[in-house]
Number of protein chains: 2
Amino acid sequence: MRISQLSAESGVPIPTIKYYLREGLLPAGEQTAATRAEYGPSHLRRLRLIRALLEVGRLPVAAIRRVIEAVEDEDLPVHTMLGTAHYALGAAPEPDAGDDDLREARQTVDELIAGLGWTVTPLAPTRDELARALVTLKRLGMPAGQADLLPYAASAMRLAHDHEMSRIPFDGPREVAVETLVICTVLYGRVLDVFRRLAQESESARILGAT
Amino acid sequence: MRISQLSAESGVPIPTIKYYLREGLLPAGEQTAATRAEYGPSHLRRLRLIRALLEVGRLPVAAIRRVIEAVEDEDLPVHTMLGTAHYALGAAPEPDAGDDDLREARQTVDELIAGLGWTVTPLAPTRDELARALVTLKRLGMPAGQADLLPYAASAMRLAHDHEMSRIPFDGPREVAVETLVICTVLYGRVLDVFRRLAQESESARILGAT
DNA sequence: CCTGTTTGGATAGCATGGCTATCCATTAGC
DNA sequence: GCTAATGGATAGCCATGCTATCCAAACAGG
């Protein structure tokens, strides 16, 4: 498959495909001559993944590249690879360390995770991400206590355990495992977000008796 | 309070505050003279809300403006105001109508919402947002059926009903109601998202027996 | 074999979004 | 009265995600 076919089948313009190649999101095709390269179905698949993460997941290109680099680093054990890919999905960690509120929130998060019995490395940037959200809630005058957070943690664990991690093919090729994880995380994340807004609208209609 | 104090207390630089004023995110202060305006605690509050939506919620400025316009349009009944604000939180609706997959997904969404007995206007852009996510999942080779979606809908409704809409002060001033709704939706949305990733990491560690 | 089209690769440019910098007349406050 | 701050306006900056233009090599049809 040449670049024009790749473009036609994916709906992504050729210059954009070239951009993704430059940015390392898409591996180079197999060079058959100086001005000829062959692309396969894996490229088409990758291209669709990129577009999904960009458009539905709203991930920046740099984050997608980090995900892809984790896949392509063959030395990483699978759990580490999934972790690396996973962390790339989060917000970029801001290095504003000297903040008492943040430290306190971080401790709340650590205690919460320990209390839940979850196995999460203490280094996970996700912990700080949650801490930052808690600080923001507090500053907006809606501090979140354990009682507020636990239902969210419980729902998250139920979904992750019953419907997400159980469908990851850990025994297959590594790139399929990451791809599935990333799709589950990002796309079902969006699905959940939209359902939540739909549920809120429905509740609002019920409470306010509107049409 | 003058602009310099507003800046000092909020941590937002003065030129940025002026930018928000220009963009209509922040109402003008009370003019006390040609080159003097007085800002109150409501401005500080609004400023914190803007930053939260921008930084934690990653909403574009245009979306924030739509939320704020809904609040300030006194003619809107409360449910409509909440709806308008709510829709601004979603992705901008893309007008690519001629797509069979999308129409089919949209119908799936409509049936799903009807089946759940939720009260959501047929015009809600949220429906299309969900439909688009379903199309993307299908194109990535992971089509989502009713069985895949229902747990997400159930979790969303449980959270919305038990922990979100019940805390909205519908009887208070309208801007407080919207503000609370927006904060609940956006910030707890982020909290839920992060919890889900933490839960996934924990499950991955459990399954793969990693540290 | 010749000619027009396509390809890969490189470089530069563009549009949008979210600020940031500069200027200037006015005026509070000493 | 003098100085520094203020409000208002205009223009510029930077990052991101593309898009446009070139160019030499090479394939394909005649």
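Here is the naming used below: chain letters follow the sequence lines, and residue numbers restart at 1 for every chain. Small disclaimer: the values here were computed from a predicted structure and weren't measured.
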- Task: Please determine if a side-chain N or O atom of B:Tyr20 lies less than 4.0 Å away from the OP1 or OP2 oxygen of C:dC19.
- Result: yes
**Asked** Do any N or O atoms from the side chain of A:Thr84 and from the backbone of A:Thr80 form a donor-acceptor pair under 3.5 angstrom?
**Response** yes
Per atom distances to the A:Arg36 side chain, the nearest of D:dG17, D:dC27, D:dG7 is D:dC27
Between B:His86 and the options A:Arg197, A:Glu201, A:Gln200, the side-chain hydrogen bond (donor to acceptor under 3.5 Å, both in side chains) test singles out A:Gln200
Per atom distances to the A:Arg51 side chain, the nearest of C:dC19, D:dC18, C:dT7 is D:dC18
Side-chain contact check for A:Arg22: nearest option of C:dT11, D:dA5, D:dG17 is C:dT11
Checking C:dG18, D:dG7, C:dT20 against the side chain of B:Thr16 (C-beta onward), the nearest is C:dT20
Nearest-nucleotide check on DNA chain D, B:Gln31 vs A:Val61; residue mapping nearer the 5' end is B:Gln31
Of C:dA21, D:dC18, D:dG7, the nucleotide closest to the side chain of A:Tyr19 is D:dC18
Taking every heavy atom of B:Leu198 against every heavy atom of A:Thr126, the minimum-distance pair comes out as CD2-CB, 3.7 Å
Rounded to the nearest 0.5 angstrom, the CG-CG distance for A:Leu25 and A:Leu53 is 9.5 Å
Picking from C:dA28, C:dG9, D:dG7, the nucleotide nearest the side-chain atoms of B:Ala33 would be C:dA28
Per atom distances to the A:Leu54 side chain, the nearest of D:dC18, C:dG8, D:dG7 is D:dC18
